[in-house]
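Below you'll find the structure, written out as structure tokens, and then a few comments.
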Amino acid sequence: MVVVVVTGAVLVGLLLAPLLRGLIARFAVPEGEPRCGACPLCGRAVGLLLPPSGRCPGCRGRLGAGAGTVEAVTAAVAVGVAYAADGAAVAALAWAGALGVALGFTDARVRRLPYRLTGPLLAGVVVLLTAAALAEGRPGVLLRCLLVALAVGALLEVAVQIGALGPGDSPLGFVLGGLLGWYGWWVAIGGLVAAVVLAGLWGTLRALALLVRRRPWRGLDVPVGPFLLLGALTAVLAR
Ligand SMILES: [Zn+2]
């Protein structure tokens with residue numbers, strides 16, 4: 001069983017990653033800049049798909065995420081989704097996993113969660129969770145999803161307003177809250193706690209690395225999106 005799941009996940013990773021790489025290359029641009037339609041080095045148009053090398057097919061210059069990284073993360077997320085999923089919500093989880101990889105890489109590169117990615121994430125989760133609730137004959141669960149989404153979104157929006165988070169973090173929290181609401185309030189709370197713990201661990205490791213390398217202190221600048229996504233997946237897996 002493990003061999004089947006891992007082989008399937010690696011295949012999914014290899015098949016989906018070129019598309020996700022295209023999204024990351026296009027949307028990982030600083031705030032206010034138009035999305036990247038062409039290679040900044042040779043001017044060749046960024047196609048829908050990009051190769052695992054992380055290099056432009058025209059000039060072989062670096063374009064988007066590093067070699068093999070998107071493939072490895074997509075495969076790992078696919079393993080997580082395969083083990084976490086049961087019932088009709090698997091499609092919503094898979095959609096969030098795929099777009100979550102694009103969002104996570106984009107946030108890690110440019111500290112942004114563009115609405116051009118969180119918008120489709122929200123739309124897909126709403127449609128797929130609604131379909132799942134109807135398929136399982138329990139439409140009432142959607143009310144809990146909405147309430148959890150509002151609670152998590154509002155909580156993160158408070159953090160945005162006091163400057164602790166970036167403006168893209170609360171919409172992502174809203175969507176992930178809705179998704180985790182399918183599994184219950186405690187799973188959503190667990191997702192938030194896991195995100196805080198993982199981001200804290202990462203921040204501590206980065207601070208230690210800066211200290212050891214005697215680099216000047218310019219603040220930690222930890223992207224929150226990847227940890228919200230990772231925390232959500234962890235909570236669904238651990239439920
Ligand atoms: Zn190029």
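Counting starts at 1 for both ligands and their atoms, following the listed order.
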Q. Is the shortest distance from a Lys or Arg side-chain nitrogen in Arg21 or Glu71 to a carboxylate oxygen in the other one below 4.0 Å?
A. yes
Q | the Zn ion (ligand 1): protein N, O or S atoms that are less than 2.8 Å away, sorted by chain | A | Cys39 SG, Cys42 SG, Cys56 SG, Cys59 SG
Q | Nonpolar side-chain network containing Leu49, other nodes, edges under 4.5 Å | A | Leu19, Leu48
Q. Does NZ or CZ of Arg144 lie under 6.0 Å from the centre of the six-membered ring of Trp186, at an angle within 45° of the ring axis?
A. no
Q) Val222, Leu192: one ILVMFWY side-chain cluster at the under-4.5 Å cut-off? A) no
Q: For Ala149, check side chain to side chain contact (heavy atoms under 4.5 Å, CB included) against everything at least two apart and list the hits.
A: Phe174
Under 3.5 Å donor-acceptor pairs involving side-chain atoms of residues 78-95, not counting sequence neighbours:
{"residue": "Asp86", "atom": "OD1", "partner": "Arg239", "partner atom": "NH2", "Å": "2.7"}
{"residue": "Asp86", "atom": "OD2", "partner": "Arg239", "partner atom": "NH2", "Å": "3.4"}
{"residue": "Trp95", "atom": "NE1", "partner": "Pro120", "partner atom": "O", "Å": "3.1"}

